[in-house]
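Nothing here was measured: the structure is a model prediction, and the numbers come from that model. Below, chains carry the letters A, B, ... as their sequence lines are ordered, and counting in each starts from 1. Reckoned from all heavy atoms, side chains included, excluding hydrogens, waters and symmetry mates.
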Amino acid sequence: MREIGVDDLEDLALGASILGAGGGGDPWIGRHLAAKVLAERGPVRLMAPYELPDESLVIPTAMMGAPTVMLEKVPNGNEPYLALCALQHHLGRKASATMPIECGGLNLLLPLIAAGLAGIPLVDADGMGRAFPELQMETFHIYGVSGTPAVLVDERGHTCLIKTRDNFALERIAREVTVRMGGAAYIAEFPMSGRQVKETAIPGTVYLALRLGQVLRHCRTAAEAVEAVAEVTSNSQYGRAVLLFEGKLSALERQNEGPFARGAVSVEGGHSCSGRSLRVEFQNEYLVATMNGVLVATVPDLIVILDASTARPIPTDALKVGTQVVVMGIPTPALMRLDLALQVWGPRSFGYDFDYVPIELLNRGTPSGRF
Amino acid sequence: MCYTLGVEVAPKQTDAVVMDRNGNLLAAARVRTSDDIFTGMEAACAEVLLLSGIRAETIGHVMVGTAAYFDARLQSSLARTGLIRLSRPAGTGILPLETWPKQMREAVGDSWRMVSGGFEYDGRLLAPLNLSEVREALLDLKRDGIKALAVAGLFATVCPDQELAVAAVGREVFGPDFPITLSHEVGRTGLVERENAAVLNAALTGMVAYLAAGIHRALGHRGIRAKLFLAQNNGTLMSFAYGSRYPILSVGSAPAISARGAAFLSGLQDCVVVDVGSQSTTVTLVLGNFPRECDRPVQLGGVSLHVRMPETITLPLGGDHLAGDRAGDGPGVRQFQERLGQAVDQISAGQDYLPVVLVGSGTDALPERLAGPSTPLRPRHAYCAGAVGLTISPVSGEVDRVWSLERYGREEILNRASAMACERAVQAGCDPEGVGVAEIEESPLTYLPSRAVRVKVKAVGSPVP
């Protein structure tokens with residue numbers, strides 16, 4: 001039986017920041033709040049999907065909005081639990097477990113609060129396999145689970161119940177409510193049965209994040225980090241992580257139009273990549289990487305930029321020109337690459353005019369194509 | 001009025017140097033640091049005046065660095081401080097001072113109150129301020145016997161109005177000269193770290209005032225009536241008056257001034273500076289004459305804050321560990337060389353090869369040839385690199401705030417922020433003529449549909465003549 005205790009949180013947060021692919025938010029406050037709950041209530045049981053009875057109720061919990069707002073408007077510490085309770089109340093049933101909707105970033109840690117305070121396990125699975133910006137970007141949605149009824153709560157105790165006819169409407173409406181609530185809200189959504197979890201969730205991602213954090217902790221150089229991450233991911237449903245590029249951040253563009261922070265960063269090649277240049281485009285998370293105009297990686301495959309001197313991932317909102325970096329790619333699980341899934345989070349969903357090509361194929365025959 | 005005096009106080013020794021307008025080092029003097037520090041400073045100044053042969057009246061500026069001395073004395077320099085957090089109904093998940101080590105919390109007295117207040121990220125009101133609740137809270141803190149006050153409001157970096165209103169009530173309750181620090185003046189977005197910075201700043205206010213008075217006296221005894229400046233964490237300077245309001249800007253200044261001095265003495269704009277002390281060694285990367293800054297929160301006495309400090313690697317090995325190994329092949333030296341090599345590699349990760357400059361009082365204990373790709377530089381006067389760094393630095397002011405793109409366009413935001421930074425620099429003692437923007441950094445608040453951007457501007461210029 002696996003458990004998540006206070007001592008695991010640092011590793012979990014570090015692994016979550018890798019899986020965040022540049023986004024997901026700074027996990028430190030979520031970690032601190034989860035630590036308080038775990039210290040008070042004891043470790044949370046991590047339950048594999050196959051252990052869930054088919055007819056049990058699972059209610060995923062998370063935060064939505066800007067993690068930076070959460071860093072400033074520090075919550076009271078029980079908001080994810082309050083969202084869970086409000087949805088349980090509406091459904092007239094208690095949940096047997098909660099689950100992350102997103103294993104990248106802050107949202108891997110927040111459900112621990114709901115789990116700890118409710119005294120229920122956390123399911124070792126999630127619906128994104130990384131971080132994504134929108135609520136319908138879930139395997140749950142892709143494979144037919146409704147996101148509503150859903151509940152949003154804020155720090156003031158305001159509660160909003162949402163029922164929509166489709167999950168795109170859920171994203172639009174919930175996003176507006178989140179803005180009105182002050183930019184950050186705590187959500188319970190995609191209530192589903194144990195059977196639906198087994199059929200639609202990406203299994204094992206919480207434990208994967210934990211293992212990633214455990215190996216990364218000892219890495220002092222980015223090269224060591226890529227090797228360590230590769231060892232872990234090649235022993236999971238993800239593919240073997242690879243070094244895509246290394247060099248120095250040479251230019252940064254940010255466009256503040258539209259709802260999400262789009263932009264691009266250029267990396268001037270150094271060492272083995274001298275003379276070449278990589279461009280990574282992002283919208284909260286890194287989405288597309290091209291080398292001298294040729295595609296080398298695209299969403300949903302994970303693109304991670306590591307700071308060469310600390311071996312730690314750099315989120316999109318902390319990029320600084322002049323930093324020495326190493327760019328790493330991680331192939332996503334097959335479940336995330338099926339056509340139905342690509343319709344929701346392939347490059348075309350982010351406005352690109354090309355189709356997804358697996359990172360292994362894009363890099364076959366190149367120095368980094370050591371798949 | 002054409003000479004600049006640089007005085008650095010470290011735990012064991014006090015250095016004084018005299019520089020002329022053209023960057024020539026005229027003389028350097030070193031004395032043992034006195035118990036009251038001022039006697040030692042006076043003695044160092046007297047000696048360096050003698051050595052340089054210049055008259056006291058010709059000194060226009062005295063630049064002082066005391067962070068190295070106070071590093072080990074941080075806890076005992078803290079006054080009993082109260083905090084008012086403006087955040088209810090939110091914010092109770094992490095209580096004020098909750099993340100502080102126990103001894104630091106006890107040193108400031110753990111006196112705080114959380115009251116109604118705060119803004120949203122776009123400047124909308126989160127909760128109104130209740131002035132009678134505020135007054136009650138302040139009276140409570142007064143009964144606790146606090147000697148300084150810090151105020152931290154949710155999103156005060158977007159709208160400082162509530163913090164300013166609380167300060168006004170604070171002046172009524174405690175008196176017009178009571179030290180009050182408002183978080184929006186000392187920190188950036190991130191309530192817990194900004195609140196920590198505000199508390200530490202308030203707790204240290206008295207110390208800088210005490211320093212200023214003592215230094216004035218000490219210099220006065222020697223006939224020096226120059227303008228006084230204090231080192232900042234980022235290697236620039238500020239007036240003592242400004243430093244008394246923002247001591248937090250100075251507590252971590254030792255590595256930066258030493259790094260700048262080392263770069264100057266070796267004539268290099270880009271280098272890795274290795275400052276060997278008696279007990280520890282600090283490694284800093286200098287690019288374009290300034291140390292590379294760390295954008296992550298730093299720890300001061302175990303308390304996490306977002307204060308811009310140089311990125312350094314500290315090794316717990318120094319001159320004392322190498323003493324007596326003249327041949328340079330003992331295990332102590334080999335261990336030092338290995339650890340140092342790793343640290344230099346790490347801090348200059350991926351940069352093209354950079355020369356290493358050795359400074360600090362412990363360098364004498366190092367063998368002539370240190371293993372490595374080339375011989376590190378040991379410039380003349382390396383032992384007083386810190387004092388030298390003080391004399392060659394500009395004055396700076398910084399502004400770090402969140403702006404709503406709904407209210408202002410991007411161009412207007414950058415202009416306003418730049419103007420604020422220049423104003424800050426002038427307040428810090430910069431000559432209004434020639435003050436200019438040195439650095440602008442913008443970063444968006446991610447995942448937010450309504451647009452806001454964080455803008456950080458640094459303005460620099462020469463000290464006011």
Quick check for you: to the nearest 0.5 Å, what is the distance between [X] atom [atom1] and [Y] atom [atom2]?
X      : Y      : atom1 : atom2 : result
A:R180 : B:E120 : CZ    : CD    : 10.0 Å
B:R454 : A:D317 : CZ    : CG    : 9.5 Å
A:K73  : B:T189 : NZ    : OG1   : 13.5 Å

(message) Please find the pair of heavy atoms, one from A:E72 and one from B:G190, that lie closest to each other, and give the distance.
(response)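 Smallest heavy-atom distance, with atoms named: OE1-N, 2.9 Å.
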(message) Using every non-hydrogen atom in the two residues, find where B:P89 and A:R156 come nearest and quote the distance to one decimal.
(response)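 Closest pair (atom of B:P89, atom of A:R156, distance): CG-CG, 3.1 Å.
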(message) Can you tell whether the side chains of A:K320 and B:E442 come within less than 4.0 Å, N to carboxylate O?
(response)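 A salt bridge is absent here (no side-chain N lies under 4.0 Å from a carboxylate O).
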(request) Flag the one option from B:E98, B:E311, B:E441, B:R88 with the top tally of heavy-atom pairs under 4.5 Å to chain A. (result)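 With the most close heavy-atom pairs to chain A, the winner is B:E98.
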(request) May I ask you to decide if B:I94's main-chain N or O and A:K36's side chain share a donor-acceptor pair within less than 3.5 Å? (result)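 Such a contact is absent between A:K36 side chain and B:I94 backbone.
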Can you say whether [X] sits under 4.5 Å from chain A via the side chain, the backbone, both, or neither, judging by heavy atoms?
X      : value
B:A127 : neither
B:R194 : side chain
B:E195 : neither
B:L287 : neither

(message) So, applying side-chain contact (heavy atoms from CB on, under 4.5 Å) with A:V74, which one of B:L95, B:T92, B:L191 is it?
(response)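 Testing each of B:L95, B:T92, B:L191 against A:V74, the sole residue satisfying side-chain contact (heavy atoms from CB on, under 4.5 Å) is B:L191.
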Can you check whether [X] reaches [Y] side chain to side chain, under 4.5 Å on heavy atoms?
X     : Y      : result
A:T68 : B:Y121 : no
A:W28 : B:E193 : yes
A:H32 : B:V192 : no

(request) Give, as side chain, backbone, both or neither, the part of A:M64 having an atom under 4.5 angstrom from any heavy atom of chain B. (result)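 For A:M64, no heavy atom lies under 4.5 Å from chain B.
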(request) Identify which part of A:T178 has an atom lying under 4.5 Å from any heavy atom of chain B, answering side chain, backbone, both or neither. (result)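 Neither part.
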